[in-house]
Amino acid sequence: MDIKVLDALLKPRSIAVIGASATPGKIGYTVVKNLIDSGYEGKVYPINPKSEEILGFKTYPSVLDVPGEVDMAVFTVPAKFVLDGIEECGKKGAKGLVIITSGFGEVGKTDLEQKMVEVAQQYGMGILGPNIVGVLSNSMKMNASFAPTLPLPGTGALVSQSGALLIAIDMATFTRRVGFDKLVSIGNMSDVEFADLVEWFDQDEDTASISLYIEGLKDGRRFIDMAQKTHKPIIALKSGVSAHGAAAAASHTGSLAGAAKIYGTAFEQAGVIQASTLDNLFDRSLALSLQPPMVGENLLIITNGGGVGVLATDAAERYGIPLKFAPEDVQQELKKYMPEFGSAKNPADLTGIAGADWYEESVRNSYMHPWVNGLTVLYCEVAITEPMDVAQSIKRAIDDSGITDKPITVSFVGGEKTETAMQWLVENGIPAYGDPDAAVNAMAALHEYANLKAKRAPLALAPNGDSKEKAMAIINKVRQDGRDVLTEIEAKKVFEAYHMPVPKCELAATAEEAVSMASAIGYPIVMKIVSPQILHKSDAGGVKVGIENNEECKAAFETIMANAKAYNANANLHGVVIQEMAPWGTEVILGSVNDPTFGPSIMFGLGGIFVEVMKDVTFRVAPINQSQALDMINEIKSAPILKGTRGESPKDIEALSATIANYARMIVDLKDEIDESDANPVIVYDEGDGVSVVDARIILHK
Ligand code: ACO
């Protein structure tokens, strides 16, 4: 999206309100009033064919009558007038259109919405909305919306797909003490979408962090690409992640995929930090807008109360930054600021008799120690110290340390005075929370951000030999046959083209061919019927295993063909596949789906009950490299089985991760062809002995 369009939407020099009204209570009135009340310093042009003046501004019958330039136009006319208004804005040379009006795609009028975008694009304009509340910016002193007021000032930007929620968040910024510089309502996203705003906020000097309330993304891969490039933390609260949508999915992988899993993994790959609730979005946004990432694993907690210390310790473990005992020199230093009965381990308990001076010294000295990667300071209101004194001593200690690349979070538990002290801390750049759990969760967000930043890798593919040509030759033949499901042997040949190890296999049309192929492959062999109409081969008596010699092979061929004919007289029998008998090992499953938002995505898990009962699987949006494939292997709960446990030998994880990466490449390369696929099972042998894809299934797009 043209940067000028986003500049016009977020930093306009002049605003026309199309449908401005002199009638209090109408949205067209509220928007003009809000622009005045917020102190907007650019030009405001109310447009209304019937009025002369609105709230002291001269009114123009059409935007074309405005004497000066119009950067942005806010629409508050009913839907039927919007298209003509857009045309006029185009002629006037406006750049950004904020369409507050409802009654488009959300009520099925997608054609009208599409037409609007087409007209806007013809004139090089961009549309925010329709069906939105508007845009609010503290740094621009601009409330171009019908939300009551600008939010509490802060350094974050927040984009919401729900208009009502945006207004609620706006008001809650005051009670929650979490400020934002900008609030943007994005509505139907007919044109401007999350990725565009993320890109713009990344270069905006007034934005330190980007918070998103997402119901759905239009183009998931573009969002991932954009988020990966961003230098600022992005925190997303995604709604609609229940498994409901997954129930309709046809395939095994599809039913395991579910909306939540793919979104979760896509956000991780993009380096986006997730929030679990609205409260959590506020808490995490506050920390990420004020503090640097937590690089390293060592969190130190300083407290004056054992209870809150234990609560925070539990939270640290729950949120992935379990506490470790502080090193001896840190403990020796801390002991200077606590009584005999205090504890210098971690949490460091200064005890209830700690004054503001002990807080100051313990915070300063531990914060400066290289072992400490992040510091959470807890305080329970006690009679002997004033909360504000503690707050100020913490701030002084941090400032004196001169350190700016280590995070601190704070939790004060108590009454009104602690509230005031925490407000002061936030105003002075230190995120403070009324619950120790929230302070630790906020630190965990800073820790996640550091880790995700280090891990994010672009979704790009390096060029790759002739795999695609080989695979397409097989797929084209299947298409010519009028089919959209590959037979097992066809699927295996496609997998093989992408360097996935499959057992040696050939298709025999006659018993004689079967014998000669079996001799070439080497006994023992497995024989299976190949017919597009017979999916459950065993049920049809179409599988024979452990064939040892030519006689058995010939007899098996005849039996399999006869059984298949008896099972389905109309089935088209391609013949019998002669397959090398792979020795057994540990079964894993690989699968792929074409996610409607993120495109080709890959699943990995251990086979058998691990996938059937425990649903112990993990997902990635493809492609991925081998090290990301290794992460997938490591993150399933049953990973110890592959790594070797209780005397079991470790399995060939190197070969398995290479196979997963090749598979991910295949589903991206062939994304226009493959709808779903499975390699199930893949047998993993002992370290150094490789893997074997013993069954394969590919379903093409219809
Ligand atoms: N150019 C300029 N002004 C015009 C034009 C025109 N072509 N045509 C009409 N107007 C004037 C009208 O005369 C009126 O001014 P007046 O009060 O002086 O007569 C003004 O524009 C507004 O038109 P109305 O017909 O009075 O429309 P009304 O204000 O009732 O509704 C609105 C317009 C608010 C855009 C409505 O159609 C709508 O979409 N409402 C929902 C908006 C919304 O909620 N969006 C956010 C969704 S998210 C959430 O739920 C929070």
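Atoms within each ligand, like the ligands themselves, are counted from 1 in listed order. These values consider heavy atoms only, across backbone and side chains, with no hydrogens, waters or symmetry-generated copies. Quick caveat: nothing in here was measured; it's all calculated off a predicted structure.
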message = Please tell me if atom 28 (P) of ligand 1 is touched by the protein, where touching means a protein heavy-atom distance below 4.0 Å.
response = no

message = Suppose I only count heavy atoms of Gly163 and a 4.0 Å limit; which atoms of ligand 1 are within that range?
response = 48 (S), 51 (C)

request  = Can you figure out which of Asn48, Ile99, Thr23 has its heavy atom closest to atom 16 (P) of ligand 1?
outcome  = Asn48

query = Nearest protein heavy-atom contact for atom 25 (O) of ligand 1: which residue, which atom, what distance?
reply = Pro78 CG, 3.4 Å

ask   = Any heavy atom of Tyr29 sitting closer than 4.0 Å to ligand 1?
value = no

ask   = Counting from 1, what ligand 1 atoms have a heavy atom of Val133 closer than 4.0 Å?
value = 51 (C)

inquiry  = For ligand 1 and Lys26, I'd like to know whether there is a polar contact (N/O to N/O, distance under 3.5 Å).
reply    = yes

request  = Looking only at protein heavy atoms, identify the closest one to atom 8 (N) of ligand 1 and say how far it is in Å.
outcome  = Phe81 CD1, 3.6 Å

query = Any idea which protein heavy atom is nearest atom 46 (C) of ligand 1, and the distance to it?
reply = Ile132 O, 3.1 Å

request  = Please state whether Gly103 comes within less than 4.0 angstrom of ligand 1, counting heavy atoms only.
outcome  = no

query = Do you see a donor-acceptor pair shorter than 3.5 Å between the side chains of Asp204 and Thr207?
reply = yes

task = Report, as yes or no, whether the 6.0 Å neighbourhood of atom CZ on Arg176 holds more than 12 heavy atoms from other residues, nucleotides or ligands.
result = yes

message = Looking at atom 22 (C) of ligand 1, tell me if a protein heavy atom falls under 4.0 Å from it.
response = yes

query = When you measure from the centre of the six-membered ring of Phe180, is the NZ or CZ of Lys182 under 6.0 Å away and within 45° of the axis?
reply = no

remark   = re atom 20 (C) of ligand 1, the protein heavy-atom contact at minimum distance is Gly19 O, 3.4 Å

ask   = Mind checking whether Thr76 has an N or O less than 3.5 Å away from an N or O of ligand 1?
value = no

request  = Kindly check if the number of other-residue, nucleotide or ligand heavy atoms within 6.0 Å of NZ (Lys671) is above 12?
outcome  = no

Test item, Gly28 contacting ligand 1 (heavy atom, 4.0 angstrom) = no

ask   = For ligand 1, which atoms sit closer than 4.0 Å to a heavy atom of Ser21?
value = 15 (O), 16 (P), 17 (O), 18 (O)

message = Starting from atom 47 (C) of ligand 1, what is the nearest protein heavy atom, named by residue and atom, and what distance separates them?
response = Asn131 OD1, 3.1 Å

inquiry  = Around atom CD of Glu427, are there more than 12 heavy atoms from other residues, nucleotides or ligands closer than 6.0 Å?
reply    = yes

note = atom 39 (O) of ligand 1: closest protein heavy atom, distance to 0.1 Å, is Ser102 N, 2.7 Å

inquiry  = Side chain or backbone, does Ile100 bring an N or O within less than 3.5 Å of an N or O on ligand 1?
reply    = yes

ask   = Considering all heavy atoms of both residues, which atom of Ser239 and which atom of Glu215 are nearest to each other, and what is their separation?
value = OG-CG, 3.3 Å

For atom 50 (O) of ligand 1, closest protein heavy-atom neighbour = Ala164 N, 4.4 Å

request  = May I ask you to say whether Asp225 pairs ionically with Arg221, meaning some side-chain N is under 4.0 Å from a carboxylate O?
outcome  = no

ask   = Distance from Leu97 atom CG to Ile18 atom CD1, nearest 0.5 Å?
value = 8.5 Å

message = Counting neighbours of NZ on Lys218 that are heavy atoms of other residues, nucleotides or ligands and sit closer than 6.0 Å, is the number greater than 12?
response = yes

ask   = What part of Tyr60, side chain, backbone, both or neither, has a heavy atom within less than 4.0 angstrom of ligand 1?
value = neither

ask   = So, Asn441 versus Asp283: side-chain donor-acceptor pair below 3.5 Å or not?
value = no

ask   = Side chains of Asn188 and Asn131: do they bring a donor and an acceptor to under 3.5 Å?
value = yes

query = Centroid-to-centroid, Phe598 to Tyr263, below 6.0 Å?
reply = yes

inquiry  = Strictly inside 4.0 angstrom of atom 37 (O) of ligand 1, do you find any protein heavy atom?
reply    = yes

note = Near Ile27 (heavy-atom distance under 4.0 Å), the atoms of ligand 1 are 34 (C), 42 (C)

task = Would you please say whether a donor-acceptor pair under 3.5 Å links the side chains of Glu635 and Thr618?
result = yes

query = Which residue holds the protein heavy atom closest to atom 5 (C) of ligand 1, what is that atom called, and what is the gap in Å?
reply = Val77 CG1, 3.5 Å

query = Between Lys229, Lys232, His231, which is the residue that forms a side-chain hydrogen bond (donor to acceptor under 3.5 Å, both in side chains) with Asp202?
reply = His231

task = From the options Lys80, Lys50, Gln161, select the one whose nearest heavy atom is closest to atom 19 (O) of ligand 1.
result = Lys50

